[in-house]
Each structure stands twice: as C-alpha cells, then as structure tokens.
Amino acid sequence: MGAYREQLLKERYGNQPPAYMGPSEEVPPMAFTFFKLKFTISLFLFAGFAWMSMTGNSFGQMTAQQIVEAVTEEDISVQLSELGLYEWPVE
C-alpha cells in the first residue's frame, strides 16, 4: 500500500483499520492462486513442447509433429466430447 494512502487511512481511522480492510485482502483469493498454478503448469508444458519442436526429440513415443497433428485434427471436438470435456454448441 502506498505511503500517502496509509497516511490518509491513519488520519481517518486512527490505528484501527476500517472494517472493509480485513485480513482477507492481504491473502490472495483462492481463485487467483489456482490461476497462477494453472498458468505455471501451462508454461512448463509449452516450454517442453517448444524444446521438443526445436531439438526434434520426443517424449515417450510422441513427437512435436504428432502433437500438432492431434490438436489440428477436425475430430478433436468429437474426442473431447466423448471424454466430457467439450459440449456441442446449441443452434
């Protein structure tokens, strides 16, 4: 928090913090923490894919080219819907 804002809050509320500034503001919300975790995992996966693509290495039996082909196939939506990860748009 900025020094000017702290000074204004002290002048207005004294040593007591206002009711809306509880300890919940100091801790990031759970949704934001979960987002950071998902973002970090995605970043590592992308870095691994980029490394595989640049070096030509494979992970297990999967190459970067096979991953690109699997993602760009038209029936990926069918595969995802069978797993329950995709819902067809309502027309």
- request: Mind jotting down which residue pairs meet the side-chain hydrogen bond (donor to acceptor under 3.5 Å, both in side chains) criterion with at least one end in residues 39-55? Sequence neighbours excluded, please.
  value: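 Matches after skipping sequence neighbours: Thr55-Asn57.
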Test of understanding: with side chain to side chain contact (heavy atoms under 4.5 Å, CB included), list the residues that count as partners of [X], not counting sequence neighbours.
| X | answer |
| --- | --- |
| Phe49 | Ala64, Ile67, Val68 |
| Thr63 | Ser58, Gln65, Gln66 |
| Leu45 | Ile41 |

message: If I compare all heavy atoms of Met52 with all of Met62, which pair ends up nearest, and what's the gap?
response: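 Taking every non-hydrogen atom into account, CE-O, 3.5 Å.
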From CZ (Phe39) to CZ (Phe34), nearest 0.5 Å: 15.0 Å
